[in-house]
Number of protein chains: 2
Amino acid sequence: MITKQEYEQVREEALTFLKQTGVVLRQDEIDAFEVADFGLGRIREIGLQLVVYVNTERHCAKELVLLPRQTCPEHLHPPVGDSPGKEETFRCRFGTVYLNVPGEMTEHPKAKIPTGRDEHYTVWNEIVLNPGDQYTIPPNTPHWFQAGEEGAVVTEFSTQSTDEFDLFTAPDIKRVPEVQT
Amino acid sequence: MITKQEYEQVREEALTFLKQTGVVLRQDEIDAFEVADFGLGRIREIGLQLVVYVNTERHCAKELVLLPRQTCPEHLHPPVGDSPGKEETFRCRFGTVYLNVPGEMTEHPKAKIPTGRDEHYTVWNEIVLNPGDQYTIPPNTPHWFQAGEEGAVVTEFSTQSTDEFDLFTAPDIKRVPEVQT
Ligand SMILES: [Zn+2]
Ligand SMILES: [Zn+2]
């Protein structure tokens, strides 16, 4: 659960990051700009802010914003129908992103797991993305990411997005936000 | 044919537009940044500058730069193998883009055809894109576009790009640039 006030404040902060990065949104995109707290009520630690530019059956693009040290929790995009699952490229525009994917465990990772949630993070190969850096995540591959101290803006280029099929490692995660009214 | 000097000058101008728009490129992307004169030797009128961020079998993204009034000539992306053809979304980041697609002829279009090349432009439904505006072009659909007086920066989100299969309306167009050495 997230209070209306907290939701609006996080939203404004994230929109300010976009503005500072030089990303121009239309008014209808600003109105639709989304805060996802994944149902955990710990928005500043575990959450994601985003706008969807386009999402057709064949291609998709979004702008993602992370507050300082905010984490998008571990998930994967499974096969759906004829599709092998969503393939996505993260391109960092502002700040630093610590992206974790399967592979050799990074010895001194920069990302820090939100307190009490270690068991819900299983991949530990940390890729550091600074502005201009990008990484493509194959379908059906677990990943999670955290912003550095400055926060981050990340453009996502991908195949079709079907959020409702995303699988989160933590069983208590809800993708659709619950805002206190 | 384009001289080496002209190529380099256009390249620098286009990279300056990107910088002013806040687009951060890595050094390897700057090195690979491309000037396409379509083999016509009229680069400031008919041409396109671009960098490919990612191009997999399933998704693609590019940054396109147009000099003031520069035109990307009419072309379409035909079906290739199992694919119905490239589907692309143009999102304007800077300047104004006059995008032309099939449909009702726009009465007072803002785009102006490069001298002597009217016959190579057949679609006249003009869509005006300012920063934040975007438009999705279905596969196998002719389109062309021109920047306004300021030039333009456009992000392209799409399915796989296979430039070698693109069909240009003008028979004298060559997609691969010929630079005088
Ligand atoms: Zn993902
Ligand atoms: Zn095209």
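Reminder, nothing fancy here: chain letters follow the sequence lines and each chain counts from 1. In what follows, every heavy atom counts, from backbone to side chain, and hydrogens, waters and symmetry copies are set aside.
B/Tyr53 and A/Phe157 have parallel rings, their planes meeting at less than 30° on a 0 to 90° scale where 60° marks the start of perpendicular.
Looking at B/Thr89, the atoms closer than 4.5 Å to chain A (heavy atoms on both sides) sit in the backbone and in the side chain alike. Contact annotation for B/Asp133: both backbone and side-chain heavy atoms come within less than 4.5 Å of a heavy atom of chain A. Only the side chain of A/Thr136 comes within less than 4.5 Å of a heavy atom of chain B; its backbone N, CA, C and O stay farther away. Residue B/Glu29 touches chain A through its side chain alone, counting heavy-atom pairs closer than 4.5 Å.
Residue A/Glu104 places its CD atom among 12 or fewer non-hydrogen atoms of other residues, nucleotides or ligands, all under 6.0 Å distant. Within 6.0 Å of atom CD in A/Gln5, 12 or fewer heavy atoms from other residues, nucleotides or ligands are found, so the atom counts as exposed in its surroundings. Counting non-hydrogen atoms of other residues, nucleotides and ligands closer than 6.0 Å to CD of A/Glu107 gives a total of 12 or fewer. Taking a 6.0 Å sphere around CD of A/Glu8, one finds it holds more than 12 heavy atoms contributed by other residues, nucleotides or ligands.
Criterion: ILVMFWY side-chain heavy atoms under 4.5 Å apart, direct or through other members. Under it, A/Phe17 and A/Tyr7 are part of a common hydrophobic cluster. In this structure, B/Tyr121 is not a member of the same hydrophobic cluster as B/Val97, with clusters built from ILVMFWY side-chain heavy atoms closer than 4.5 Å. There is a path of hydrophobic side-chain contacts, each under 4.5 Å, that joins A/Ile173 to A/Leu50.
Per-residue counts of heavy-atom pairs under 4.5 Å with chain B were compared for A/Ala61, A/Gly22, A/Cys60; the largest is that of A/Ala61. Heavy-atom pairs under 4.5 Å with chain B were tallied for A/Arg26, A/Gln134, A/Arg91; the largest tally goes to A/Arg91.
Contact detail for A/His59 and B/Glu88: the closest heavy-atom pair is NE2-C, 4.2 Å.
For the side-chain contact (heavy atoms from CB on, under 4.5 Å) test with A/Arg58, the passing option among B/Pro138, B/Pro84, B/Ser158 is B/Pro84; the others fail.
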